[in-house]
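Let me give you the structure first, and then I'll get to my questions.
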Number of protein chains: 2
Amino acid sequence: MPFTIATWNINSVRLRMPLVQRLLEERKPDILCLQETKCPNDQFPEKAFKALGYEHIAIHGQKGYHGVATVSKQPFDDIVRQDFCQIGDARHLSTRLSIGGRRLRVHNFYVPAGGDEPNPEVNVKFKHKLDFIEEMRLISAEAEPGVSSLLVGDLNIAPFETDVWSHKQLLKVVSHTPIECEGLLRAQADGRWTDLMRHHVPMDEQLFTWWSYRSKDWAASNRGRRLDHIWGSQDLAPALTAIDVMSAARSWERPSDHVPVLASFDIA
Amino acid sequence: MPFTIATWNINSVRLRMPLVQRLLEERKPDILCLQETKCPNDQFPEKAFKALGYEHIAIHGQKGYHGVATVSKQPFDDIVRQDFCQIGDARHLSTRLSIGGRRLRVHNFYVPAGGDEPNPEVNVKFKHKLDFIEEMRLISAEAEPGVSSLLVGDLNIAPFETDVWSHKQLLKVVSHTPIECEGLLRAQADGRWTDLMRHHVPMDEQLFTWWSYRSKDWAASNRGRRLDHIWGSQDLAPALTAIDVMSAARSWERPSDHVPVLASFDIA
DNA sequence: GAAATAGAAG
DNA sequence: CTTCTATTTC
């Protein structure tokens, strides 16, 4: 049975509802996980999603910043919002559902960006980021027996050399510093997660999901980073049939700086 | 020889360049006077106007607020920017040109709105407005022998009963208080100006050029005011062939709260 | 309600 | 470069 999940840092869901609609109509994923919705819960455009066939909506939003949401064609049987670092930020949303008899846990994350200075002693934002990924070590792909797991979202870290346009030039740039890359890989390992994007795309191939707004011709310079991720429990790796980074969306009208990433599976 | 002038409070010229283009393409006025350009001089979209055939551009802008501009198919032979109330505001721009051998002076005004409280003793903005129209008394339609004159723009005053949706309800609302209406009519009389809009449209007919952004269905409630004006020297009155208040523009995409007003002439 | 400004954040 | 939060102005 085919099944597709999409993740997208949308950078304001209200502003970009037309783009979300385009994604859903073109690709029809079963589940869409959004980050940076920048939308208070009472203003989330539920109607628009329901009209598109996504009748099941879980939101964890706040005013102005951050915010995650997961929408689905199938109903959720559990919804959890975890407050990482106990700071009150809306950065995590966990949902559980059944797809063709298979039970599935989906964690949707928006990891702190971390500011400019990659020194936790002087930059509290970077400290927050490191603390956050430290806490992520406790999120296990095997937490619930009989339930497969996915962890997707904007993790704001590009851990491998081919996850950035220039490993050398980004070594001291937040998102690709050794300390945070190692921290993220530690969380991945501790949680028994498989990096499904890299499971599908060879490690020697560049793979980006984000291009800064600051460079005019993003495609020509191609100074991207892989900040968005799809991780899965071990059992999902063999079921994976496709990874699709929708780079074209970076050129849509008034785009997000992130593009959607889709993972497709054929589950028994 | 036919000749048309348009005046429009555009509420940000950069934001509404597509609407300006639509006006110019649909109506092709010889001269367009804009108010509330909200555009520093070095950021005025000169190229766009030139591409539309308006190669002669006079601007009096400032950062953030106010600002007037006059664009023309014919060249100017004189440009004057007058600093009313010596406060440094960009609220006046006077240009002179020849149309079919006729010499023409065009004053483009953006009169201060005046704040909420119609009492010059407690509201310095209202005082400023009254001082401004007092100073306008010195602007004469007959200042230059052999030169016809026009005075157009957002004068922020609706002087007659039929210039507002409810004379009674607006008597104490800034824009229609007796003190400012009388002040404006005094400036009109002292300058030997003819109210060309009222020359063409009978006084018992309602005539509005502005509808607040605050009312959802501007057309249904029709709570408008005639804040924009076209005045002319006596000799132009018999040449006037049409006055056109483009109310339709209030329903264009992302509109200004003011609509364009056009005056057409057949000049010998 | 819809512009502008500024600063914070990405 | 683009989004938010505010404040101010009309």
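Within every chain, numbering begins at 1; the chains are lettered A, B, ... in the order of the sequence lines, protein sequences first and strands thereafter.
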* Could you give the CG-to-P distance, from B:Asn9 to C:dA4, as a whole number of Å? -> 12 Å

* Asked: Taking the six-membered ring for Trp, are A:Trp193 and A:Trp231 parallel (under 30°), tilted (30 to 60°) or perpendicular (over 60°)?
  ->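 A:Trp193 vs A:Trp231 ring planes: tilted.
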
* Asked: Roughly, in whole Å, what's the span from CG in A:Asn156 to P in C:dA9?
  -> 15 Å

* **Whole angstrom value for the distance that separates P of C:dG10 from NE2 of A:His128** =>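 Nearest whole value for this atom pair: 10 Å.
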
* Structure fact -> Sorted by position of nearest nucleotide on DNA chain D, 5' first, the leading residue of A:Ser212 and A:Pro40 is A:Ser212

* Asked: Does a side-chain N or O from B:Ser12 land closer than 4.0 Å to OP1 or OP2 of C:dA4, or not?
  -> yes

* What's the CG-C1' distance between A:Asp89 and C:dA9, to the nearest Å? -> 12 Å

* To do: Between D:dT5, D:dC10, C:dA4, spot the one nearest the side chain of A:Tyr65, thanks.
  => D:dT5

* Under 3.5 Å donor-acceptor, A:Arg16 side chain and A:Asn11 backbone ->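 A pair under 3.5 Å: yes.
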
* Structure fact -> Side-chain atoms of A:Glu36 come closest, of D:dC10, D:dT2, C:dG10, to C:dG10

* Could you state the atom-to-atom distance from OH of B:Tyr213 to P of D:dT8 in whole Å? => 21 Å

* State which residues pass side chain to side chain contact (heavy atoms under 4.5 Å, CB included) with A:Glu25; sequence neighbours excluded, sorted by chain then number. => A:Gln21, A:Leu52

* To do: Report the relative orientation of the aromatic rings in B:His167 and B:His176; use parallel for angles under 30°, tilted for 30 to 60°, perpendicular for over 60°.
  =>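 Geometry flag for B:His176 against B:His167: perpendicular rings.
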
* To do: Starting at atom CG of B:Leu15, determine the distance to atom P of D:dT9, rounded to an integer number of angstrom.
  => 20 Å

* To do: For B:Lys216, report the nucleic acid contact type (base, sugar-phosphate, nothing); a contact means any heavy atom under 4.0 Å.
  => nothing

* Does the side chain of A:Lys38 get closer than 4.0 angstrom to OP1 or OP2 of C:dG10 through an N or O atom? ->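 No, no such contact exists.
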
* Quick one: sort the A:Phe49 and A:Phe44 rings into parallel, tilted or perpendicular, breaks at 30° and 60°. => parallel

* State which of D:dA6, D:dC4, C:dG10 makes the closest approach to the side chain of A:Lys63. =>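 Nearest nucleotide to the side chain: D:dA6.
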
* To do: Give the rounded distance in Å between these two atoms: CD of A:Glu117 and C1' of C:dG10.
  => 17 Å

* Which part of the nucleic acid, if any, lies within contact of A:Arg16, taking any heavy atom under 4.0 Å across all strands shown: a base, the sugar-phosphate backbone alone, or nothing? ->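 Touches sugar-phosphate only.
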
* Mind calculating the distance between CD1 (A:Ile10) and C1' (D:dT3) to the nearest angstrom? =>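 So the CD1-C1' distance, A:Ile10 to D:dT3, works out to 13 Å.
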
* **Under 3.5 Å donor-acceptor pair, B:Arg254 side-chain atoms to C:dG1 base atoms** =>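 For B:Arg254, whose side chain was compared with the base of C:dG1, there is no donor-acceptor pair (under 3.5 Å).
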
